[in-house]
Participant: 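Below is one structure. I have some questions about it.
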Amino acid sequence: MKHSVTERYRPRAVSDLGVWDVAPLKLKVYGILADGQEMTEQVVDTAQSFVGTEVPPLVAAEGEDNGLGFVIIHPGELGVSVLAHWWIQGSVLCQHIRRTLWGADAPMKTAARPVIACVWELALINAEQEAWRKTMMTAEPDALAYLQARAGLKVV
């Protein structure tokens, strides 16, 4: 059995990159940075292009969207991951990922990989599901409150 080296946990900086309007969704955008990486304009532009091009058809195909979600842009040690998430049916989270290794000519074929997220991304995903429960799964759902509820923007 092949085993890889387990990465040592070190907190990573988290940033608020605003809200993107990618019809039919409004998406909170977060950045996570590994040591020595930076959130360049090119990384953000590539992420925005990916989300704007690939996510709307998936949202339409799945149906029953709630019009809200979040994106994580993560320049990590091995490459850049972009995780787009949106809520459907009031309580179900959908995800579409783009992962590009540093120096690669093209993104990995993530549809064939069973990867969900890394430990740092999972911390933000958990914070977002808590925000969803508190703001949207109530007697009076409040989309604005959800968009304003930000994961504790500290290192995760």
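Counting begins at 1 with the first residue of the sequence. It should be emphasised that the depicted structure is a prediction, and the values quoted were computed from it without experimental measurement.
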Participant: Are Arg98 and Ser81 close enough that some pair of their side-chain heavy atoms sits under 4.5 Å apart?
Facilitator: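 A side-chain contact under 4.5 Å is absent here.
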Participant: What pair of heavy atoms forms the shortest contact from Val43 to Pro75, and how long is it?
Facilitator: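 Residues Val43 and Pro75, closest heavy atoms: CG1-CG, 4.1 Å.
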Participant: May I ask you to test the Leu147-Lys28 pair for a side-chain heavy-atom distance under 4.5 Å?
Facilitator: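 Yes, their side chains come closer than 4.5 Å.
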Participant: Is a donor from one side chain sitting under 3.5 angstrom from an acceptor on the other, for Asp45 and Gln42?
Facilitator: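 Looking only at side-chain atoms, Gln42 and Asp45 do not form any donor-acceptor pair under 3.5 Å.
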Participant: For the hydrophobic clusters of this structure (ILVMFWY residues joined by side-chain heavy atoms under 4.5 Å, transitively), does one cluster hold both Met39 and Val29?
Facilitator: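 Same cluster: Met39 reaches Val29 through Ile, Leu, Val, Met, Phe, Trp or Tyr contacts under 4.5 Å.
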Participant: Can you find a heavy atom in the side chain of Gln89 that is under 4.5 Å from one in the side chain of Asn66?
Facilitator: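 Gln89 vs Asn66: side chains apart.
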Participant: Quick one: does any side-chain atom of Glu121 pair with a main-chain N or O of Cys118 as donor and acceptor, under 3.5 Å?
Facilitator: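 Yes; judged by distance alone, with no hydrogens or angles, the pair exists.
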Participant: Against the six-membered ring of Tyr30, is Arg150 placed for a cation-pi contact (under 6.0 Å from the centre, within 45° of the normal)?
Facilitator: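 Yes.
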Participant: Can you confirm whether Leu58 sits close enough to Cys94 that some side-chain heavy atom of one is under 4.5 Å from a side-chain heavy atom of the other?
Facilitator: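 Heavy-atom side-chain distance check fails, nothing below 4.5 Å.
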Participant: Linking I/L/V/M/F/W/Y whenever any side-chain heavy atoms sit under 4.5 Å apart, do Ile73 and Trp86 land together?
Facilitator: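 Per the 4.5 Å side-chain linkage, Ile73 and Trp86 are co-clustered.
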Participant: I'd like to check Val82 versus Ile72 (side-chain heavy atoms, cut-off strictly below 4.5 Å). Are they in contact?
Facilitator: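 No - every pair of side-chain heavy atoms lies 4.5 Å or more apart.
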Participant: Is there a side-chain contact between Leu83 and Phe70 in this structure, where contact means two heavy atoms from C-beta onward sitting under 4.5 Å apart?
Facilitator: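 A side-chain contact under 4.5 Å is absent here.
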Participant: Cluster question for you: counting only ILVMFWY and a side-chain heavy-atom cut-off of under 4.5 Å, with indirect links fine, are Ile125 and Val14 together?
Facilitator: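 Yes.
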Participant: For the pair Asn126 and Leu122, evaluate side-chain contact (heavy atoms from CB on, under 4.5 Å) and give the outcome as yes or no after the intermediate values.
Facilitator: CA-CA 6 Å; Asn126 183 59; Leu122 287 170; over 6 Å; no
Participant: Considering non-hydrogen atoms only, spot the tightest contact between Ala151 and Leu124 and give its length.
Facilitator: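 Looking at all heavy atoms of both residues, the shortest contact is CB-CD2, 3.5 Å.
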Participant: Which word best sums up how the rings of Tyr9 and Trp120 line up, parallel for under 30°, tilted for 30 to 60°, or perpendicular for over 60°?
Facilitator: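 Correct class here is parallel.
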Participant: Is the shortest heavy-atom distance from the side chain of Pro24 to the side chain of Asp65 under 4.5 Å?
Facilitator: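 Sidechains of Asp65 and Pro24: in contact.
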Participant: Compare every heavy atom of Ile116 with every heavy atom of Ile97, then report the nearest pair and how far apart it is.
Facilitator: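 In this case the closest contact between Ile97 and Ile116 is CD1-O, 3.4 Å.
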Participant: For the CD atom of Glu64 and the CH2 atom of Trp87, what is their distance to the nearest 0.5 Å?
Facilitator: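 Glu64 atom CD to Trp87 atom CH2 measures 15.0 Å (nearest 0.5 Å).
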Participant: Group every Ile, Leu, Val, Met, Phe, Trp and Tyr by side-chain heavy-atom contacts under 4.5 Å, then state whether Val71 and Leu33 land in the same group.
Facilitator: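 Yes, it is one cluster - the side chains of Val71 and Leu33 are joined through contacts under 4.5 Å.
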Participant: Answer yes if the side chains of His96 and Glu54 hold a donor-acceptor pair under 3.5 Å, and no otherwise.
Facilitator: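 His96 vs Glu54: donor-acceptor pair found between side chains.
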Participant: Answer yes if Ile88 and Met136 sit in the same cluster of Ile, Leu, Val, Met, Phe, Trp and Tyr residues linked by side chain heavy atoms under 4.5 Å apart, and no otherwise.
Facilitator: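 Shared cluster, no.
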Participant: Enter the distance from Glu130:CD to Met137:CE here, rounded to the nearest 0.5 Å.
Facilitator: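 Interatomic distance, Glu130 CD to Met137 CE, rounded to 0.5 Å: 13.0 Å.
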Participant: Test your reading of the model: is there a side-chain donor-acceptor pair from Thr138 to the backbone of Glu140, 3.5 Å cut-off?
Facilitator: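 It does hold such a pair.
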Participant: How far does CD of Gln37 sit from CD1 of Ile32, to the nearest 0.5 angstrom?
Facilitator: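 It comes to 13.0 Å.
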Participant: Which atoms form the tightest heavy-atom contact between Ala106 and Thr100, and what is the distance?
Facilitator: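 For Ala106 and Thr100, the tightest heavy-atom pair comes out as O-CG2, 4.1 Å.
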Participant: How about Leu25 and Leu68: do any of their side-chain heavy atoms sit closer than 4.5 Å?
Facilitator: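 SC-SC contact between Leu25 and Leu68 ruled out.
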Participant: Taking NZ, NE, NH1 and NH2 as the nitrogens, is one of them in Arg12 or Glu77 under 4.0 Å from a carboxylate oxygen of the other?
Facilitator: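 Salt bridge present between Arg12 and Glu77.
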Participant: Within 45° of the six-membered ring axis of Tyr146 and under 6.0 Å from that ring's centre, is NZ or CZ of Lys134 located there?
Facilitator: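 No, Lys134 does not lie over the aromatic ring of Tyr146.
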